[in-house]
Amino acid sequence: MRAQLDEEFRDFMHGRWPAMVRLAYALTGDQGHAEDVAQTAFARAYASWPKVRRTGNPEAYVRRIVINENLNRFRKHRVAERLTDTLPDSVAGALSGPLAGSLAAAGAVDATRQYDDRSALIAALQRLGPRQRAVIVLRYWLDLTEAEIAAALGCSVGTVKSQAARALATLRQSAELMDGELQ
């Protein structure tokens, strides 16, 4: 019986891993933290898999664990990370001169622009509080309804609406997004 449950969980995890890492990345802004949060969420789900599968919506259950794990990350450590927009000297030097010209000719500038836009958006999201960030990510990246977000966050639909409105107002004033002309 346990082997069957393990196989069922393994299939579920392999199918949902990329989506949960993307969610965690949108919440954390860091790939390493995102993978840690997703791994912890799946470990917790595995520990109580019979209960999780009885909920009827294991994906929503694990999504809630991801959100809570991200919030717990702030509660436990309260260590602020400072991400910078500048490259270290060794990397910046490698990207100048003939290499930069060949990259531009090969179309790498467009990929860089896309990365810059994504980085600006992640930086702007990091300026939001954890709950506002979660509301924006769940609404606009995962395309959940306000009711689904309220259920995932354990709050009312009105709270979701007010948090979304405040977050969007903050994002509209974000210097990162204005500089990148993403508005």
Side-chain angles (χ1 to χ4, degrees), residues 8-49 51-76 81 83 111 113-174 176-178 180-183:
E8 182 181 326
F9 177 79
R10 190 174 308 120
D11 291 343
F12 170 76
M13 189 191 83
H14 285 294
R16 299 311 309 150
W17 175 259
M20 294 302 157
V21 171
R22 281 191 304 268
L23 169 61
Y25 179 74
L27 294 172
T28 65
D30 179 85
Q31 185 67 29
H33 289 311
E35 290 172 358
D36 290 345
V37 167
Q39 181 177 3
T40 302
F42 279 110
R44 288 188 179 196
Y46 177 74
S48 58
W49 182 243
K51 176 185 169 190
V52 172
R53 63 190 276 264
R54 279 194 307 268
T55 64
N57 193 353
E59 181 178 352
Y61 195 96
V62 173
R63 185 181 310 123
R64 177 65 188 249
I65 297 173
V66 167
I67 293 166
N68 288 340
E69 276 304 309
N70 180 58
L71 293 173
N72 288 342
R73 204 169 55 90
F74 291 105
R75 289 183 191 125
K76 291 177 184 175
E81 292 183 22
L83 303 176
R113 174 71 179 172
Q114 183 181 14
Y115 175 78
D116 289 344
D117 290 348
R118 189 175 311 130
S119 295
L121 181 58
I122 292 297
L125 284 172
Q126 294 306 304
R127 304 253 188 285
L128 298 175
R131 186 177 285 274
Q132 287 182 353
R133 187 177 327 126
V135 167
I136 294 298
V137 168
L138 293 173
R139 180 70 183 111
Y140 297 102
W141 283 11
L142 294 183
D143 203 27
L144 298 182
T145 65
E146 290 167 342
E148 290 171 327
I149 296 168
L153 296 177
C155 63
S156 70
V157 173
T159 300
V160 170
K161 290 179 181 181
S162 67
Q163 292 291 309
R166 288 182 187 128
L168 288 173
T170 301
L171 289 174
R172 285 186 189 106
Q173 301 302 317
S174 173
E176 292 92 356
L177 297 180
M178 286 184 185
E181 299 177 11
L182 289 176
Q183 292 184 335

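Just so it is clear, the structure is predicted and the values come from calculations on it, not from any experiment. Just so you know, these numbers use all the heavy atoms, side chains as well, and skip hydrogens, waters and symmetry mates.
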Do you know the tightest heavy-atom contact between [X] and [Y]?
X    : Y    : value
L27  : A134 : CD2-CA, 3.5 Å
L125 : A26  : CD1-O, 4.2 Å
P58  : V52  : CB-CG1, 3.8 Å
A34  : Y25  : CB-N, 3.3 Å
T159 : S162 : O-OG, 3.1 Å
Q126 : T28  : OE1-O, 3.0 Å

Heavy-atom side-chain contact between [X] and [Y] under 4.5 Å:
X    : Y    : answer
M13  : R10  : no
R53  : F12  : no
L128 : R166 : no

Handout entry: Trace of the side-chain contact (heavy atoms from CB on, under 4.5 Å) decision for R16 with V62
Key = CA-CA 9 Å; R16 299 311 309 150; V62 173; over 6 Å; no

Problem - Test ring-ring contact (aromatic ring centres under 6.0 Å, His included) applied to Y46 - qualifying residues, sequence neighbours left out - result: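 So Y46 forms a ring-ring contact (aromatic ring centres under 6.0 Å, His included) with F9.
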
All N/O donor-acceptor pairs, side-chain side in residues 141-153, below 3.5 Å, sequence neighbours left out:
| residue | atom | partner | partner atom | Å |
| --- | --- | --- | --- | --- |
| T145 | OG1 | E148 | N | 3.1 |
| T145 | OG1 | E148 | OE1 | 3.4 |
| E148 | OE1 | T145 | N | 2.9 |

Practice task
Go through I67 and N70 one step at a time and tell me if the side-chain contact (heavy atoms from CB on, under 4.5 Å) criterion holds.
Solution key: CA-CA 5 Å; I67 293 166; N70 180 58; 5.9 Å; no

Practice task
Would you check, one step at a time, whether the test side-chain contact (heavy atoms from CB on, under 4.5 Å) holds for Q163 with C155?
Solution key: CA-CA 11 Å; Q163 292 291 309; C155 63; over 6 Å; no

Handout entry: I65/T40 under side-chain contact (heavy atoms from CB on, under 4.5 Å): CA gap, chis, key distance, verdict
Key = CA-CA 9 Å; I65 297 173; T40 302; over 6 Å; no

Practice task
Say whether, by atom type as modelled, one donor and one acceptor occur between the side chain of Q132 and the main chain of A164 under 3.5 angstrom.
Solution key: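 Answer holds: no.
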
Exercise for the section: Indicate whether any N or O donor in one side chain lies under 3.5 Å from an N or O acceptor in the other, for Q39 and E35. Expected result: no

